[in-house]
Engineer: 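Sharing a structure below in structure tokens format, with a few things to ask.
The first residue in the sequence is number 1, and the count goes up from there. Everything numeric here is computed off the predicted structure, so don't read it as measured data.
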Amino acid sequence: MHSMKVQRRIHGATFYTVLVLAIVILDFPIYWMIKCSLTDTTNILTRNVSLLIKDFDFSAYVQVWKGTGFASQLKFKTYLANSFIVVLTSSLISIVLATLAGYSLARFHYKRKETIAQGILYVYMFPQMILTTPLLVLVIKLGLYNKLWSLIIVYCSFSLPYSIWMMRSYFQALPGELEEAAMVDGCNRLQAVIKIMLPLALPGIVATICYTFVLGWSNVIYPLSFITDESKKLVSIGFLSLISGDETPWNGVMAAANMSAVPVILVFFFLQRFLVGGLAAGGVKS
């Protein structure tokens, strides 16, 4: 009995040690970004680097936000607004189409349904780098080059396939008896979907929105390829203009990177309560 307790303690100590090490390793880059953003550039490039934050200098954040000092050519607020326009619009379009397509693939029966579903997933497997050139040609022919609408359309092209699969899987997990009962009570198919299925599918919808938002917000390849106008750049690439060889203000780069990550953190913070599944549990009487 004593040996079993000792063994459990050893296993527990090992588990928590590995867990702490994993947390430190995974979170250290974030800590280092915050540390560098609060440190003067000369102290960042010195050989005697300290792991601790000695000085809390927020001047880099102020200059990036106001567009002064080393960030005088930076339009961070404009980049932020452009990112919200592109990402929110593409996420809205994607979730509407993904909800309709996912419900169709989950509930209706028609020929080659599984082939269509697999084809949608295969489209998602194509690397963005391979698709950049043909999409660029298409955008130029449509006259959308250097316009935010080009990014909205392109963002939908890579977020929609996986979003459809996410919504399809969620609708398949919901009991079909609920909408059948609603149609027995007088609802048509559309009313049953709107009144019964969509509220139950809210966690899946929110999870899909979070996925498309993060995917679009962090994308770099397409904004670099389709946008050249400074006033139309997105936040994911806007602050790259600060990087210029030995004169790069690394505290400003890190400050801009940290500020650009805040919207993603807020999205998860406010929407995390919707990510809990199981709203349909107990909805059908046994």
Side-chain angles (χ1 to χ4, degrees), residues 16-88 128-129 151 155 210-272:
Y16 286 110
T17 301
V18 174
L19 181 62
V20 170
L21 288 175
I23 292 174
V24 170
I25 293 173
L26 293 175
D27 291 344
F28 181 76
I30 300 175
Y31 168 78
W32 192 251
M33 287 176 61
I34 297 175
K35 191 258 183 190
C36 291
S37 67
L38 299 174
T39 307
D40 187 78
T41 303
T42 55
N43 294 329
I44 296 175
L45 300 178
T46 183
R47 292 185 178 181
N48 300 320
V49 179
S50 175
L51 294 178
L52 301 178
I53 302 176
K54 296 182 178 180
D55 301 321
F56 289 85
D57 184 5
F58 292 93
S59 60
Y61 288 91
V62 174
Q63 293 182 61
V64 169
W65 183 254
K66 293 185 176 180
T68 58
F70 62 79
S72 58
Q73 302 298 322
L74 211 64
K75 301 178 181 179
F76 189 81
K77 295 179 183 178
T78 302
Y79 306 153
L80 206 61
N82 292 339
S83 292
F84 274 114
I85 292 173
V86 171
V87 176
L88 290 178
Q128 294 182 14
M129 189 66 69
L151 293 179
Y155 277 22
C210 290
Y211 164 78
T212 55
F213 185 89
V214 173
L215 200 64
W217 192 271
S218 59
N219 190 274
V220 174
I221 297 177
Y222 293 144
L224 276 175
S225 303
F226 301 154
I227 299 294
T228 57
D229 192 344
E230 193 70 24
S231 62
K232 295 179 181 178
K233 287 185 177 180
L234 272 57
V235 72
S236 59
I237 64 168
F239 62 88
L240 294 180
S241 59
L242 292 175
I243 302 176
S244 57
D246 297 334
E247 298 180 359
T248 300
W250 289 110
N251 56 343
V253 174
M254 295 302 175
N258 290 331
M259 292 168 66
S260 65
V262 171
V264 177
I265 297 174
L266 293 177
V267 165
F268 278 97
F269 179 78
F270 287 108
L271 298 182
Q272 61 180 343

Engineer: With rounding to the nearest 0.5 Å, note down the distance linking SG in Cys210 to CG in Leu215.
Structural biologist: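 Atom-to-atom, Cys210:SG and Leu215:CG are 12.5 Å apart.
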Engineer: Assess whether side chain to side chain contact (heavy atoms under 4.5 Å, CB included) is satisfied between Val24 and Tyr31, documenting all intermediate values.
Structural biologist: CA-CA 9 Å; Val24 170; Tyr31 168 78; over 6 Å; no
Engineer: Is there a side-chain contact between Tyr79 and Ile237 (heavy atoms, below 4.5 Å)?
Structural biologist: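 No, every pair of side-chain atoms sits at 4.5 Å or beyond.
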Engineer: Identify the heavy atoms of Met33 and Met254 that sit nearest to each other, and give their distance.
Structural biologist: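 Looking at all heavy atoms of both residues, the closest pair is O-CB, 3.5 Å.
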Engineer: Is Leu242 close to Trp250 at the side-chain level, that is, under 4.5 Å between some pair of heavy atoms?
Structural biologist: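 Trp250 does not reach Leu242 side chain to side chain.
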Engineer: Any heavy-atom pair between the side chains of Tyr222 and Leu234 that's under 4.5 Å?
Structural biologist: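 Heavy-atom side-chain distance check fails, nothing below 4.5 Å.
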Engineer: To the closest 0.5 Å, what do you measure between CZ (Phe226) and NZ (Lys232)?
Structural biologist: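 Result: 14.5 Å between the selected atoms.
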Engineer: So, the side chain of Trp217 versus the backbone of Ser260: is there a donor-acceptor pair under 3.5 Å, distance only?
Structural biologist: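 Answer holds: yes.
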Engineer: For residues Leu74 and Gly238, report the shortest heavy-atom separation together with the two atoms involved.
Structural biologist: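 Looking at all heavy atoms of both residues, the closest pair is CD1-O, 3.5 Å.
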Engineer: Working to the nearest 0.5 Å, report the span between OG of Ser37 and CH2 of Trp32.
Structural biologist: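 The CH2 atom of Trp32 is 11.5 Å from OG of Ser37, to the nearest 0.5 Å.
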Engineer: Quick one, Ser236 and Asn219 - any side-chain contact, counting heavy atoms below 4.5 Å?
Structural biologist: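 A side-chain contact is absent here, since even the closest heavy-atom pair is not under 4.5 Å.
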Engineer: Of the non-hydrogen atoms in Val64 and Phe76, which two are nearest, and what is the gap between them?
Structural biologist: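 Closest heavy-atom pair between Val64 and Phe76: O-CB, 3.4 Å.
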Engineer: Taking all non-hydrogen atoms of both residues, which atom of Glu230 and which atom of Ser241 are closest, and how far apart?
Structural biologist: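 Result for this residue pair: OE2-OG, 4.4 Å.
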Engineer: Just how far is it from atom CG of Asn251 to atom OG1 of Thr41, taken to the nearest 0.5 Å?
Structural biologist: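 Asn251 atom CG to Thr41 atom OG1 measures 3.5 Å (nearest 0.5 Å).
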Engineer: Has the side chain of Asn82 got a donor or acceptor atom that lies under 3.5 Å from a matching backbone atom of Lys233?
Structural biologist: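 Present.
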Engineer: Do Thr212 and Tyr155 touch side chain to side chain, with heavy atoms closer than 4.5 Å?
Structural biologist: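 In short, these two side chains do not touch, never coming nearer than 4.5 Å.
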Engineer: To check you understand the geometry: which heavy-atom pair defines the closest contact between Val87 and Gly216, and what is its length?
Structural biologist: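 Heavy-atom minimum between the residues: CG2-C, 3.8 Å.
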